[in-house]
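Each remark here refers to the structure printed beneath this line.
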Number of protein chains: 2
Amino acid sequence: MKSRAEQKEKTRRKLIDATLRLSAERGFATLSLREVCKGAGITPAAFYRHFRDMEELGLVLVDEVGLGLRELLRAARRRFQRRGGVARGSVETFIKYVTENPNLFRVLLGERQGGSNSFQKALHAEINRFVEDLTVDLERESRKAKRPLEEAGLAAEAICAVAFTVGAEVLDLPKHRRLDLTERIINEVNMILRGASLGGRRA
Amino acid sequence: MKSRAEQKEKTRRKLIDATLRLSAERGFATLSLREVCKGAGITPAAFYRHFRDMEELGLVLVDEVGLGLRELLRAARRRFQRRGGVARGSVETFIKYVTENPNLFRVLLGERQGGSNSFQKALHAEINRFVEDLTVDLERESRKAKRPLEEAGLAAEAICAVAFTVGAEVLDLPKHRRLDLTERIINEVNMILRGASLGGRRA
DNA sequence: GTTTTCGGTATACAAGTGTTTACTATAAGA
DNA sequence: TCTTATAGTAAACACTTGTATACCGAAAAC
């Protein structure tokens, strides 16, 4: 019940969870190593048994949030694809995930700025993966439906921008207003899809 | 030449500029009061002659960036409105401003997260003002052109999301790739405008 | 010309920071 | 069973943090 590796993994998770919890309030960038340790109920020195520094912890966080959400969205799009409402299904899944993992999501959105440190580079890469996923899906579906989507990449980029930007607001909203926001995003996504579906005058 | 008020304003600007400069690298949230003072070449205690704390300084920064950019964009839209390319003119102006005031812009984008502190509230309000401005413009133009825009508000929100999200990338790009990015944003904005211009099946 | 006001410095403080070192308890390996 | 490896603690380090106090010099007010 307390195999060594098992126990280590447990306190590793305590560190990650504490970071998630704390970074929800003040943002990951402002967290101190000691603060996280206190939140996890651990001595500062023990931190180094798990991570080299806060930056390394940050990278793990990015992976965590990225993997989960991306897989979820893929599944959502597959499920809804052949029932018309690609947008509705994906957006609803997205919002659900965001509201269920607010802390994880805050990290993902929080510090995407400045090309400097590796944390932000990882974040950027993660977000780009969403765009690529969506691009592939949009191209596939548009071919199948014989409703050609011009510039699927542009559409995907725009859709992700809207989802992440407007979607972030859901975190600070009382529950009863979340549905409205979801509908708004769905409409905006559909708007982009319409705009993309008939080819613009300038390629 | 050194009237008191005059001199005070001068060091006030030194503080603001130092903050802008420093926050470009690591983000405003991680800046310490002392650090800013060192950057401005003054004593920590002198800081309090100008601002109560870093938060108050932050609010001033938000105002600064918001005012400048908003006015600029208004002018740009007025200028280009009756020449077809609303999108092109506005986006180009926007990108130009961003590349000319990278630090200011980084602050504007950097810490828009978490509804908690007043800094972020101010930032959010500032961005909303962009959306409102654009909404009004879109409605006016669509009425004039007899090409009704349905849900101008949604379109404006989506356009701002795209501009701010994708536009942020320009900061970390070498000069020769900036034009590409600008074109990409223009296309995406036009995409949204097309999607908005013919009324969707679901209102 | 004298006094007042005030933007600035110098200094001190308690508290928090990242990191290192020596040590302990106990699971894993022989 | 004895030894080794290791996840954890405790304590110390040099340093930075925000803030308060006393003070200085010169512009402003009288």
Side-chain angles (χ1 to χ4, degrees), chain A residues 1-61 107 110-111 114 116-120, chain B residues 1-61 107 110-111 114 116-120:
Chain A
M1 189 166 181
K2 26 174 78 175
S3 92
R4 214 167 235 178
E6 195 173 344
Q7 178 60 24
K8 179 168 184 181
E9 178 58 26
K10 218 162 140 186
T11 71
R12 193 185 130 103
R13 276 243 63 91
K14 275 203 270 186
L15 276 171
I16 294 180
D17 292 343
T19 308
L20 245 17
R21 182 163 17 94
L22 294 174
S23 69
E25 300 168 2
R26 291 189 291 107
F28 175 83
T30 72
L31 283 184
S32 77
L33 186 151
R34 283 181 114 103
E35 216 172 346
V36 171
C37 290
K38 192 165 292 183
I42 276 183
T43 283
F47 179 95
Y48 296 99
R49 303 288 186 199
H50 302 269
F51 309 98
R52 183 193 310 278
D53 49 24
M54 283 297 291
E55 177 168 319
E56 194 172 296
L57 207 182
L59 294 184
V60 171
L61 249 59
V107 175
E111 351 273 332
S116 50
N117 71 58
S118 58
F119 184 112
Q120 288 158 346
Chain B
M1 188 167 181
K2 21 172 81 176
S3 91
R4 216 170 234 175
E6 194 172 345
Q7 179 61 25
K8 178 168 186 181
E9 178 57 27
K10 217 162 142 187
T11 71
R12 192 184 130 104
R13 276 243 62 91
K14 274 202 270 186
L15 277 171
I16 294 181
D17 291 344
T19 308
L20 245 18
R21 179 163 20 94
L22 294 174
S23 68
E25 300 168 3
R26 291 190 291 107
F28 175 83
T30 73
L31 284 184
S32 76
L33 185 150
R34 282 179 115 105
E35 217 171 344
V36 171
C37 290
K38 191 164 294 186
I42 68 171
T43 283
F47 179 95
Y48 296 99
R49 305 283 187 204
H50 301 269
F51 309 99
R52 181 191 313 278
D53 48 27
M54 283 297 291
E55 177 168 319
E56 194 172 298
L57 206 183
L59 295 184
V60 171
L61 249 58
V107 175
E111 351 274 331
S116 49
N117 71 56
S118 59
F119 184 111
Q120 288 159 347

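Just so you know, these numbers come straight off a predicted model, no measurement behind them. Proteins come first, then strands; the chains are lettered A, B, ... in the order of their sequence lines, and each starts at number 1.
In terms of the salt bridge (charged side-chain N to carboxylate O under 4.0 Å, His left out) criterion, residue partners of B:R13 (sequence neighbours excluded) are, by chain and number, B:D17, B:E64. Judged as a salt bridge (charged side-chain N to carboxylate O under 4.0 Å, His left out), and not counting sequence neighbours, A:E55 has no contacts. B:D53 pairs by the side chain to side chain donor-acceptor pair (under 3.5 Å) definition with nothing, not counting sequence neighbours. Every residue two or more places apart in sequence or in another chain that forms a side chain to side chain contact (heavy atoms under 4.5 Å, CB included) with B:R21 is listed here: B:A18, B:N103.
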Distances under 3.5 Å between protein N/O atoms and the N/O atoms of nucleotides 28-30 of chain C, please, pair by pair.
| from | atom 1 | to | atom 2 | distance (Å) |
| --- | --- | --- | --- | --- |
| C:dA28 | OP1 | A:R4 | N | 3.4 |

Close N/O contacts between protein and nucleotides 12-17 of chain D (under 3.5 Å):
| from | atom 1 | to | atom 2 | distance (Å) |
| --- | --- | --- | --- | --- |
| D:dT17 | OP1 | B:S32 | OG | 2.7 |

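For the pair B:T43 and A:M54, nearest-nucleotide mapping onto DNA chain C gives the more 5' position to B:T43.
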(request) Take B:R12 and B:V60 through the test side chain to side chain contact (heavy atoms under 4.5 Å, CB included) and record every step on the way to the result. (result) CA-CA 11 Å; B:R12 192 184 130 104; B:V60 171; 3.8 Å; yes

(message) Please evaluate residues A:K8 and A:H50 with respect to the criterion side chain to side chain contact (heavy atoms under 4.5 Å, CB included), reporting the C-alpha separation (whole Å), side-chain torsions for both, the decisive distance (0.1 Å), and the verdict.
(response) CA-CA 8 Å; A:K8 179 168 184 181; A:H50 302 269; 3.5 Å; yes

(message) As a quick check of understanding, evaluate side chain to side chain contact (heavy atoms under 4.5 Å, CB included) for B:F51 and B:L59, giving each step before the final call.
(response) CA-CA 10 Å; B:F51 309 99; B:L59 295 184; over 6 Å; no

(request) For side chain to side chain contact (heavy atoms under 4.5 Å, CB included), just list the numbers for A:E6 and A:E9, CA-CA rounded to whole Å, side-chain angles, deciding distance to a tenth of an Å, and then say yes or no. (result) CA-CA 5 Å; A:E6 195 173 344; A:E9 178 58 26; 5.9 Å; no

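If you measure from atom CD of A:E55 to atom P of C:dT19, you get 11 Å, rounded to the nearest angstrom. Distance CG (B:L31) to C1' (D:dG18): 15 Å, rounded to an integer number of Å. B:K14 has its NZ atom 12 Å from the C1' atom of C:dG7, to the nearest Å. At whole-Å resolution of the value, CD in A:E9 and C1' in D:dA7 are 13 Å apart. Atom CD in B:Q7 sits roughly 13 Å away from atom P in D:dA26 (whole-Å rounding). One can place NZ of A:K8 at 19 Å from P of C:dT26, the figure rounded to the nearest angstrom. If you take CD of A:E6 and C1' of D:dG8, they are 17 Å apart, rounded to a whole angstrom. For the pair B:L57 CG and D:dG18 P, the computed distance is 12 Å after rounding to whole Å.
Of the residues in residues 44-52 of chain B, B:P44, B:A45, B:Y48 come within less than 4.0 Å of DNA chain D through at least one heavy atom, sorted by number.
Going from atom CE of B:M54 over to atom CG of B:L31 covers 5.0 Å, rounded to the nearest 0.5 Å. Interatomic distance, A:L57 CG to A:T19 OG1, rounded to the nearest 0.5 Å: 4.0 Å.
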Tell me which donor-acceptor pairs under 3.5 Å the side chains of residues 34-47 of chain B have, and how far apart each pair is, sequence neighbours excluded?
| from | atom 1 | to | atom 2 | distance (Å) |
| --- | --- | --- | --- | --- |
| B:E35 | OE1 | B:R26 | NH2 | 3.2 |
| B:E35 | OE1 | B:S32 | N | 3.2 |
| B:E35 | OE1 | B:S32 | OG | 3.3 |
| B:E35 | OE2 | B:R26 | NH2 | 2.0 |

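Distances shorter than 4.0 Å separate some side-chain N or O of B:T11 from OP1 or OP2 on C:dG8.
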